[in-house]
Amino acid sequence: MRVFIMKTAEEASKTAADVMEKAVRAKPELVIGLATGSTPLGLYNEMIRRCKEDGLDFSRASSFNLDEYFGVRPDHPCSYRRFMNENLFDHINIDKARTHVPDGMAADIEAHCRLYDKMIHDAGNVDVQVLGIGSDGHIGFNEPTCSLASRTHRIYLTEQTRRDNARFFDKLDDVPTQAITMGIGTILESRTCLMLAFGANKADAVAGMIEGPVTAMNPASALQYHNDTVVFIDEAAASKLKLRGYYDAAAAAAL
Ligand code: GLP
């Protein structure tokens, strides 16, 4: 993993946008993996700005989102489809027909999950996968103890995740108990993973992901087996790392 510790989330988001911009310019038909939550919003705003002001062209790109709540309609105010439309797709020139989010209302969930994996495979796999991390170490919605080889699947959410995400809903009881998520095995097939994490409440999860043993108790630690993961974090999220000096020296040498 390459770890870049930035002064602010804004700086980290802009640097992540540089990686995204370079990838889209090098390969206009880029297959982008996308995440929801507060963390990628700075990156998405920067992608929007660069599309509008700098002509960054997404017209030939396609996207696959990591996850969606189970039993939630795409037009529900808290659906991840709606989140993506409102926070990114409506503001860049991507063809919405080529944006994919798992269908939380699929009649046959197993078949839908298999199809989602097949669509990713048929698209040539994800080139750049944007990732956030849950305070319990989840990526997508792969919760602790989830198989590190998992494919797209339905998962039961932890109480901690439901509490963390309750801010997007009127009340905790409204947060769905299940979701559909790309599996960790699916995520590991992406060519580049762009992990973003900000704030002190991510510090334990981030330390486990980067320095902890690979364990299903911290699903993000599986990224230690991925050969091109770039981590952009702020000071607070980096506060529990032991090898801080090493990351800074390596980053300075790389930049
Ligand atoms: C949700 C999403 C994850 C995301 C996580 C962190 O659970 N399924 O993909 O990384 O939240 O969210 P936030 O960025 O809001 O902290």
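Every number for a ligand or one of its atoms is a count from 1 in the order of the listing.
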My understanding is that a hydrophobic cluster links ILVMFWY residues whose side chain heavy atoms are under 4.5 Å apart, including indirect links. Using that, what else belongs to the cluster containing Tyr156?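 Noted: Tyr156 shares its cluster with no other residue.
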With a cutoff of under 4.5 Å between side-chain heavy atoms, which Ile, Leu, Val, Met, Phe, Trp and Tyr residues group with Ile109?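 Noted: Ile109 shares its cluster with Phe70, Ile180.
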Within this structure, what is the CZ-NZ distance for the pair Arg49 and Lys52, rounded to the nearest 0.5 Å?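 Rounded to the nearest 0.5 Å, the CZ-NZ separation comes to 11.5 Å.
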So, taking the atom named OG1 in Thr152 and the one named CG in Leu66, what distance separates them when rounded to the nearest 0.5 Å?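 Thr152 OG1 to Leu66 CG: 9.5 Å, rounded to 0.5 Å.
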Taking NZ, NE, NH1 and NH2 as the nitrogens, is one of them in Asp75 or Arg81 under 4.0 Å from a carboxylate oxygen of the other?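 Here Asp75 does not pair with Arg81 in a salt bridge, since their nearest N and O are not under 4.0 Å apart.
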Check each protein residue for a heavy atom under 4.0 Å from ligand 1 and list those that pass, ordered by chain and number.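 Ligand 1 pocket, heavy atoms under 4.0 Å: Thr36, Gly37, Ser38, Thr39, Asp67, Tyr80, Gly132, Ile133, His138, Gly140, Phe141, Asn165, Arg167, Lys202.
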Test of understanding: with side chain to side chain contact (heavy atoms under 4.5 Å, CB included), list the residues that count as partners of Leu243, not counting sequence neighbours.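 Glu211, Tyr246, Tyr247.
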